[in-house]
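One structure is given below, encoded as structure tokens.
As the structure is a prediction and not an experimental result, all values here were calculated from the model.
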Amino acid sequence: MNTTQVRTVSCPNCRRINRVPVAAEGRPRCGHCKQPLPWMVDAGDDDFTEVAERADVPVVVDLWATWCGPCRMVSPALEKVATDLAGRVKLVKVDVDKNPRLSQRFEVQAVPTLLILDRGETVARQAGAAPAPVLRQWVEESISARKG
């Protein structure tokens, strides 16, 4: 567990560069304009619990592989969704080839496999790529259904 790992993120509002921890409580905000920041991180077998399951916000998990064409196509769409829903979701990317325990745990049979976790519990799942508007609708409906 390494809570000191950080990623740099450009604020979609003011374009300032911010350091965002991969695992933290709360929701990251821009140090300059105070707007929510997109929270996009990588996780693996050793830090998934800390990074994804303990998050205060719903987590979109992208289980992908480097050799997968659809995975490379869906990645920018997921990043757009995470940016559009900054402050409301966290995007966690998991390379299934490097993290076999997570692949087995989530019974990944095809990539990409997308999950939505709410406090560690899987609330939605889908396999395959989709464009950003479809993914955003799926994420928002899954989150709304969970809260309702």
Where at least one partner belongs to residues 56-65, residue pairs that pass salt bridge (charged side-chain N to carboxylate O under 4.0 Å, His left out), sequence neighbours excluded: Asp62-Lys93
Arg125 (side chain) donor-acceptor with Phe106 (main chain) under 3.5 angstrom: yes
Nearest non-hydrogen partners of Arg19 and Thr8, listed with the distance: CG-CG2, 4.2 Å
side-chain hydrogen bond (donor to acceptor under 3.5 Å, both in side chains) pairs, two or more places apart, involving residues 102-116: Glu53-Arg105
Counterpart residues, side-chain contact (heavy atoms from CB on, under 4.5 Å), relative to Asp95 (two or more places apart): Trp64, Thr66, Asp97, Lys98, Asn99
Side chain Lys90, main chain Arg27, donor-acceptor under 3.5 Å: no
4.5 Å side-chain heavy-atom contact, Gln5 and Asp47: yes
Derivation and outcome, side chain to side chain contact (heavy atoms under 4.5 Å, CB included), residues Ile116 and Trp138: CA-CA 10 Å; Ile116 298 180; Trp138 174 68; 3.6 Å; yes
Arg16 side, atom CZ; Cys33 side, atom SG - distance, nearest 0.5 Å: 9.0 Å
Contacts of Arg29 that satisfy salt bridge (charged side-chain N to carboxylate O under 4.0 Å, His left out) - sequence neighbours left out: none
Least distance between heavy atoms, Pro12 atom then Leu37 atom: CD-CD2, 4.3 Å
Audit row: Val92, Leu117, side chain to side chain contact (heavy atoms under 4.5 Å, CB included) steps and yes/no: CA-CA 10 Å; Val92 176; Leu117 303 180; over 6 Å; no
Trace of the side chain to side chain contact (heavy atoms under 4.5 Å, CB included) decision for Met40 with Thr83: CA-CA 9 Å; Met40 299 176 270; Thr83 299; 4.0 Å; yes
CD-SG distance between Gln35 and Cys11, expressed to the nearest 0.5 angstrom: 7.0 Å
Smallest separation among heavy atoms of Pro38 and Val9, with atom names: O-CG1, 3.8 Å
Heavy-atom closest pair, residues Pro112 and Cys71: N-SG, 3.5 Å
Non-neighbouring partners of Lys80 that pass salt bridge (charged side-chain N to carboxylate O under 4.0 Å, His left out), sequence neighbours left out: Asp84
Evaluation steps, salt bridge (charged side-chain N to carboxylate O under 4.0 Å, His left out), between Arg101 and Asp46: CA-CA 9 Å; Arg101 290 194 318 259; Asp46 296 332; 3.1 Å; yes
Donor-acceptor pair, side chain of Asn18 and main chain of Gly31, under 3.5 angstrom: yes
Residue pair Pro21 / Val6: nearest heavy atoms and the distance that separates them: CA-CG1, 3.9 Å
Working for side chain to side chain contact (heavy atoms under 4.5 Å, CB included), residues Val89 and Val57: CA-CA 5 Å; Val89 299; Val57 296; 5.6 Å; no
Co-membership, hydrophobic cluster, residues Met73 and Trp67, 4.5 Å side-chain: no
Partners meeting salt bridge (charged side-chain N to carboxylate O under 4.0 Å, His left out) with Arg88 (sequence neighbours left out): Glu140
Whether Asp118 side chain and Pro58 backbone form a donor-acceptor pair below 3.5 Å: no
Closest non-hydrogen atom pair between Ala55 and Arg119, with its separation: O-NH1, 4.2 Å
Donor-acceptor contact below 3.5 Å, side chain Trp39 vs main chain Ala23: no
Test item: Leu114 and Leu135 side chains (from C-beta on) under 4.5 Å apart, heavy atoms: yes
